[in-house]
**Q** 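Structure provided below as structure tokens; questions to follow.
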Amino acid sequence: MTSYWLMKSEPHVYPWDQLKIDGRTHWDGVRNYQARNIMRDDMSIGDLVLFYHSNCKPPHIAGVARVCKGAYPDFTAQDTESKYFDPKASPENPRWVMVDIEPVYDLNPVSLPELRTNGALEGMPLLRKGQRLSVQPVSKEHFSIVCNMGGLENNLL
DNA sequence: GCCAACGTTGGC
DNA sequence: GCCAACGTTGGC
């Protein structure tokens with residue numbers, strides 16, 4: 001059973017184009033329990049992800065990715081050189097996890113204002129005021145609508 | 001750069 | 001376990 005998600009990245013940190021260059025990447029640096037729990041408990045290989053560019057003008061959905069490896073310890077938490085280092089993480093208790101994702105489809109960028117003006121997306125967590133969760137669930141219906149807005153045919157999903 | 005909305009920390 | 005202080009996110 002495929003589930004659908006949205007993951008945020010700041011384009012100056014790790015843009016969609018870099019994911020395409022890399023072919024796949026480990027989603028390190030998540031330091032929020034709610035987001036961690038989603039990755040750890042709810043994400044499965046094959047799940048599809050809207051790749052969202054935050055902190056840019058305008059914020060937008062850039063593409064569709066797929067989970068290609070389930071949750072495993074985020075090693076950057078135990079790397080003292082990493083900006084994601086967490087002194088409370090240890091081999092016995094890694095504390096944080098990551099998943100691997102790979103790019104699947106390019107989308108024509110779908111901006112946040114566009115998303116907001118599409119009534120069919122009412123209730124989408126991303127559009128809630130004050131939300132800042134970097135890994136969020138997306139309903140299959142909303143996922144499909146966003147893909148269509150980005151120029152992707154329904155039957156590709 | 002501002003600031004609202006969170007999440008985390010730590011004293012009590 | 002409460003909650004004030006503080007730090008972060010991220011749209012605007």
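Keep in mind it's a predicted model, so treat the numbers as computed, not measured. Quick note on labels: first sequence line is chain A, next is B, and so on, each numbered from 1.
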**Q** Whole-Å distance between C/dG10 C1' and A/N32 CG?
**A** 14 Å

**Q** Whole-Å distance between C/dC12 P and A/R116 CZ?
**A** 5 Å

**Q** Which ones in residues 55-64 of chain A lie close to DNA chain C, meaning a heavy atom under 4.0 Å from one of its atoms?
**A** A/N55, A/P59

**Q** Using a cut-off of less than 4.0 Å, is there contact between a side-chain N or O of A/R36 and OP1 or OP2 of B/dG7?
**A** no

**Q** Could you check whether any side-chain heavy atom of A/F51 comes within less than 4.5 Å of a side-chain heavy atom of A/Y14, counting everything from C-beta outward?
**A** yes

**Q** Counting only N and O atoms by type, is there a donor-acceptor contact under 3.5 Å from the side chain of A/Q78 to the main-chain atoms of A/F75?
**A** no

**Q** Return no unless some side-chain N or O of A/K129 is found under 4.0 Å from OP1 or OP2 of B/dA5.
**A** yes

**Q** Is the positively charged end of A/K83 above the ring of A/F85, judged by distance under 6.0 angstrom from the centroid and angle within 45° of the axis?
**A** no

**Q** NZ of A/K8 versus P of B/dC6: gap in Å, rounded?
**A** 11 Å

**Q** Look up atom CG in A/L126 and atom CZ in A/R132, then write down how far apart they are to the nearest 0.5 Å.
**A** 14.5 Å

**Q** Tell me whether A/R31 is salt-bridged to A/D74, with the criterion being a basic N under 4.0 Å from an acidic carboxylate O.
**A** yes

**Q** If I take atom CE in residue A/M7 and atom C1' in nucleotide C/dG10, what distance separates them, rounded to the nearest angstrom?
**A** 18 Å

**Q** Specify the closest pair of heavy atoms between A/S9 and A/W27, including all atoms of both residues, with the distance to one decimal.
**A** CB-CH2, 3.7 Å

**Q** Determine whether A/Q131 and A/P125 make a side-chain contact, defined as any pair of heavy atoms from C-beta on separated by less than 4.5 Å.
**A** no

**Q** Between A/Q131 and B/dA5, is there a contact of a side-chain N or O with OP1 or OP2 at under 4.0 Å?
**A** no

**Q** Distance check: side-chain N/O of A/Y33 vs OP1/OP2 of B/dT9, anything under 4.0 Å?
**A** no

**Q** What integer distance in Å separates A/K83:NZ from C/dG7:P?
**A** 18 Å

**Q** Picking from B/dT8, C/dG11, C/dT9, which would you name as closest to the side chain of A/R132?
**A** C/dT9

**Q** Using atom CG of A/L115 as one end and atom P of C/dG10 as the other, report the distance to the nearest whole Å.
**A** 15 Å

**Q** Could you tell me how far apart A/Y84 (OH) and C/dT8 (P) are, to the nearest whole angstrom?
**A** 13 Å

**Q** In whole angstrom, what separates A/L126's CG from B/dA5's P?
**A** 17 Å

